[in-house]
Amino acid sequence: GESVGLHLPTLSVQEGDNSIINCAYSNSASDYFIWYKQESGKGPQFIIDIRSNMDKRQGQRVTVLLNKTVKHLSLQIAATQPGDSAVYFCAENWGSGGSNYKLTFGKGTLLTVNP
Amino acid sequence: DVKVTQSSRYLVKRTGEKVFLECVQDMDHENMFWYRQDPGLGLRLIYFSYDVKMKEKGDIPEGYSVSREKKERFSLILESASTNQTSMYLCASSPMARQETQYFGPGTRLLVL
């Protein structure tokens, strides 16, 4: 979920387990969503995206699920590895006139993978 | 692969100094963005450029200006740095056909003393 204040929600998993990271988005008109991974001291890295005409999209070891009814997005990581440890955050976009470049970002979830 | 590079990973400046942060992308993207990232506040858009010499204010443009003289390069300028501009600065780019799909650089961590 989203963070409040300075402390990010944290998810701790064992290596090899599956991880599920959740995101509640704000705008029912949003029609495009991205998941980013940000390792400590680095810039956000694009993982996967999904448009609102889909409810599921799969990548390599990752799956994004979209539930528009409850405005909820999730990122599933299969067989989580230590290299997956990072902050993950979602971003939403709603195209409206000349502002369809704008992304609204969530605060993120810290994923820690224990060996 | 999309490559967005930023001129410095770390910078330390003094209050009142003029600061230039440079960003270069090699994918011929039309759009370029500058964000700052602060704990608890997430990413906030400072400025956006959709073409050479074109710019639009983002959500927090105060205290900043930008320059886009070439398509591949987008500069963020702090005219007179202040301590509240200590932050992580992130540059991103996206193609015109998919403006919303933004790719980020590694970031510049700026400390203003």
Side-chain angles (χ1 to χ4, degrees), chain A residues 1-10 23-27 29-53 57 59-60 64 73 86-110, chain B residues 1-10 21 23-25 27 29-51 54-60 74 87-110:
Chain A
E2 300 303 315
S3 65
V4 175
L6 297 178
H7 300 289
L8 293 175
T10 300
C23 177
Y25 63 92
S26 59
N27 191 336
S30 292
D31 56 8
Y32 176 74
F33 306 87
I34 303 178
W35 278 102
Y36 287 97
K37 171 188 180 183
Q38 188 173 22
E39 297 175 84
S40 181
K42 297 185 179 179
Q45 175 188 352
F46 175 94
I47 302 174
I48 192 168
D49 58 0
I50 188 168
R51 296 206 176 268
S52 59
N53 60 352
R57 189 161 188 233
Q60 188 176 13
V64 55
L73 195 65
V87 173
Y88 291 81
F89 55 91
C90 62
E92 62 185 295
N93 167 267
W94 57 96
S96 58
S99 298
N100 60 350
Y101 62 85
K102 276 201 164 189
L103 291 175
T104 297
F105 296 88
K107 303 293 192 299
T109 296
L110 174 62
Chain B
D1 277 353
V2 176
K3 189 111 189 245
V4 180
T5 57
Q6 295 182 229
S7 52
S8 305
R9 294 300 306 275
Y10 301 96
L21 303 183
C23 175
V24 177
Q25 51 92 8
M27 286 303 294
H29 286 171
E30 290 79 8
N31 305 303
M32 296 187 75
F33 308 82
W34 275 107
Y35 293 89
R36 63 178 284 176
Q37 184 178 33
D38 300 288
L41 298 176
L43 275 79
R44 294 179 290 167
L45 181 64
I46 304 171
Y47 265 99
F48 159 64
S49 170
Y50 54 91
D51 201 352
M54 307 305 290
K55 62 185 180 185
E56 281 191 19
K57 292 180 180 179
D59 299 318
I60 51 162
F74 192 33
S87 187
M88 172 72 136
Y89 288 88
L90 292 162
C91 175
S93 73
S94 68
M96 186 58 73
R98 292 191 66 179
Q99 295 186 73
E100 65 277 16
T101 307
Q102 297 177 23
Y103 299 91
F104 285 85
T108 296
R109 192 167 291 282
L110 173 66

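A note on names: the letters A, B, ... follow the listed sequences, proteins ahead of strands, and every chain is numbered from 1. Quick note: numbers below take in every heavy atom, side chains included, and nothing from hydrogens, waters or symmetry partners.
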Which portion of B:R44 sits near chain A, non-hydrogen atoms under 4.5 angstrom: neither

Does the plane of the ring in A:F46 sit parallel, tilted or perpendicular to the ring in B:Y103? Use 30° and 60° as the thresholds. tilted

So, the part of B:Y10 with a heavy atom under 4.5 Å from chain A: the answer is neither

Grab the two heavy atoms, one from A:K42 and one from B:R9, that are nearest each other, plus how far apart they are. CA-NH2, 4.2 Å

Is any side-chain N of the basic residue among A:K102 and B:E56 closer than 4.0 Å to the acidic one's carboxylate O? no

With a 4.5 Å cut-off on heavy-atom pairs, point out which of B:P106, B:G42, B:G58, B:S94 contacts chain A the most. B:P106

Where does B:Y50 contact chain A at under 4.5 Å (heavy atoms): side chain, backbone, both or neither? neither

Checking side chain to side chain contact (heavy atoms under 4.5 Å, CB included) against B:Q102, which of A:I34, A:N93, A:L103 comes through? A:L103

Of the non-hydrogen atoms in A:G43 and B:L90, which two are nearest, and what is the gap between them? CA-CD2, 3.8 Å

Does any backbone or side-chain atom of A:Q38 lie under 4.5 Å from a heavy atom of chain B? Answer side chain, backbone, both or neither. side chain

